[in-house]
Amino acid sequence: VLCLSIRGVQEEDPPDAQLMRLDNMLLAEGVAGPEKGGGAAVAAAAAAAAGSITDNSIEHSDYRAKLTQIRQIYHTELEKYEQACNEFTTHVMNLLREQSRTRPISPKEIERMVNIIHRKFSSIQMQLKQSTCEAVMILRSRFLDARRKRRNFSKQATEILNEYFYSHLSNPYPSEEAKEELAKKCSITVSQVSNWFGNKRIRYKKNIGKFQEEANLYAAKTAVTATQAVAAAVHNSQDNSPSTPNTGRPGYPIDILYLCTDYFSPVDPH
DNA sequence: TGCAATGATTCTAT
DNA sequence: ATAGAATCATTGCA
């Protein structure tokens with residue numbers, strides 16, 4: 001009876017429950033806001049994942065595949081141990097039965113033996129579970145760390161972002177709507193736009209000299225655009241050559257004026 | 001292969 | 001919540 005109850009426990013969830021919870025939480029896709037959720041672990045996972053909701057389905061399926069692989073290995077190993085345990089148990093039982101001819105063996109003794117064997121195998125299975133959990137955790141941390149799969153934005157996207165940045169140099173903080181539009185134009189996410197502007201502001205401020213050339217380039221670019229726009233608006237289609245961006249025009253974007261000033265960077269080196 | 005550029009994350013302060 | 005700052009990890013070029 002004891003033997004059966006032990007086996008019953010082994011075949012069921014209890015030790016397995018932790019693992020299942022683990023990869024359930026990993027597979028959770030929606031990752032909605034803070035739910036009433038089961039355990040603290042689930043909540044923590046949700047909070048961690050909330051930071052990087054980027055629907056990169058390719059990476060995700062890759063991740064799922066690896067997770068499935070881990071689980072498969074785990075289950076085959078588990079089955080192997082289970083089988084070995086059973087085989088060994090019957091082997092011992094046979095031995096005991098053989099011995100019972102020469103000496104009396106109480107059922108209690110048999111029970112004790114079986115119990116010992118199962119405890120041993122159980123601890124081995126525990127180790128297996130533990131290492132599997134570790135593998136899953138490593139996989140998870142790798143998946144969540146987007147730095148590992150960073151890709152540079154396309155040149156076109158960078159161009160668009162830079163154009164906005166340098167034409168709003170006095171206040172390079174795009175509104176939510178502006179961010180959305182930029183994201184759409186650049187084929188990136190809104191949070192990527194936010195990241196870009198965060199990085200750009202700090203790096204520009206840190207070393208304006210390094211960005212001076214770039215600033216002039218984009219200033220000239222917007223100047224040309226503005227000039228053309230003004231020209232078009234006025235219907236003043238004279239034979240002006242567009243290659244000479246004039247300065248000091250009335251229709252200028254005001255932010256260009258900040259290019260050579262220290263408005264957006266009172267950098268104090270100390 | 002070393003290094004600067006760059007996108008993303010984490011931490012702190014407001 | 002958000003910006004700034006520091007830092008991490010990868011990319012791409014000389």
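Note that these values count all heavy atoms, side chains included, but never hydrogens, waters or copies made by symmetry. Below, read A as the first sequence line, B as the second, and so on, with proteins coming before strands; counting in each chain starts at 1.
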J.: Whole-Å distance between B/dA8 C1' and A/N152 CG?
T.: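 Checked: the CG to C1' distance equals 12 Å.
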J.: For the pair made of CD1 in A/I202 and P in C/dA5, what is the distance, rounded to whole Å?
T.: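 Nearest whole value for this atom pair: 3 Å.
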J.: By nearest atom, which of the nucleotides C/dA3, C/dT11, B/dT6 is closest to the A/R151 side chain?
T.: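 Among the listed nucleotides, the one closest to the side chain of A/R151 is C/dT11.
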J.: For A/E180, I'd like to know if atom CD has over 12 heavy atoms of other residues, nucleotides or ligands within 6.0 Å.
T.: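 Yes, CD of A/E180 has more than 12 neighbouring heavy atoms, counting only those of other groups under 6.0 Å.
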J.: Please state how far atom CZ in A/R203 lies from atom C1' in C/dT7, giving the value in whole angstrom units.
T.: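 Spelled out: CZ on A/R203 to C1' on C/dT7 is 10 Å.
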J.: Nearest whole angstrom, please: distance from the C1' of B/dG7 to the CZ of A/R150.
T.: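 Atom CZ in A/R150 sits about 5 Å away from atom C1' in B/dG7.
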J.: Can you check whether any acceptor in the base of B/dA8 is under 3.5 Å from a donor in the side chain of A/N199, or vice versa?
T.: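 In this structure, the two groups form a donor-acceptor pair.
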J.: Counting only side-chain N and O atoms of A/Q192, is one of them less than 4.0 Å from OP1 or OP2 of B/dG7?
T.: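 Answer is no, no contact under 4.0 Å.
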J.: Please indicate whether A/K221 has more than 12 foreign heavy atoms, meaning atoms of other residues, nucleotides or ligands, lying under 6.0 Å from its NZ.
T.: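 Result for NZ/A/K221: enclosed.
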J.: Whole Å only: how far is the NZ atom of A/K200 from the C1' atom of B/dA5?
T.: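 Rounded to the whole Å, the gap is 10 Å.
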J.: Starting at CZ of A/F165 and ending at P of C/dA3, how long is that distance when rounded to a whole Å?
T.: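 In whole Å, C/dA3 P and A/F165 CZ are 13 Å from each other.
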J.: Can you check the A/F197 CZ to C/dA3 C1' distance for me, whole Å?
T.: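 These atoms are roughly 14 Å apart.
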J.: Please tell me if A/K206 has a side-chain N or O lying less than 4.0 Å from either OP1 or OP2 of C/dG4.
T.: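 Answer is no, no contact under 4.0 Å.
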J.: Centroid separation under 6.0 Å, is that true for the rings of A/Y164 and A/F197?
T.: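 Judged by ring-centre distance (under 6.0 Å), A/F197 and A/Y164 do meet the cut-off.
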J.: If you only use heavy atoms from C-beta on, which nucleotide in C/dA3, C/dT10, B/dA8 is closest to the side chain of A/R201?
T.: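 Comparing C/dA3, C/dT10, B/dA8 against the side chain of A/R201, the answer is C/dA3.
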J.: First locate atom CD1 of A/I160, then atom NZ of A/K184, and finally report the distance between them rounded to the nearest 0.5 Å.
T.: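 Rounded to the nearest 0.5 Å, the CD1-NZ separation comes to 13.0 Å.
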J.: Whole angstroms only, please: what is the CZ-C1' distance between A/F211 and B/dA4?
T.: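 Atom CZ in A/F211 sits about 11 Å away from atom C1' in B/dA4.
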J.: Looking at A/E109, I'd like to know if its CD atom is crowded, meaning that more than 12 non-hydrogen atoms belonging to other residues, nucleotides or ligands lie closer than 6.0 Å.
T.: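 Counting other residues, nucleotides and ligands, CD of A/E109 exceeds 12 neighbours.
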J.: Side chain of A/Y173, heavy atoms from C-beta onward: which of C/dA5, B/dG7, C/dA3 has the nearest atom to it?
T.: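 Selected nucleotide: C/dA3.
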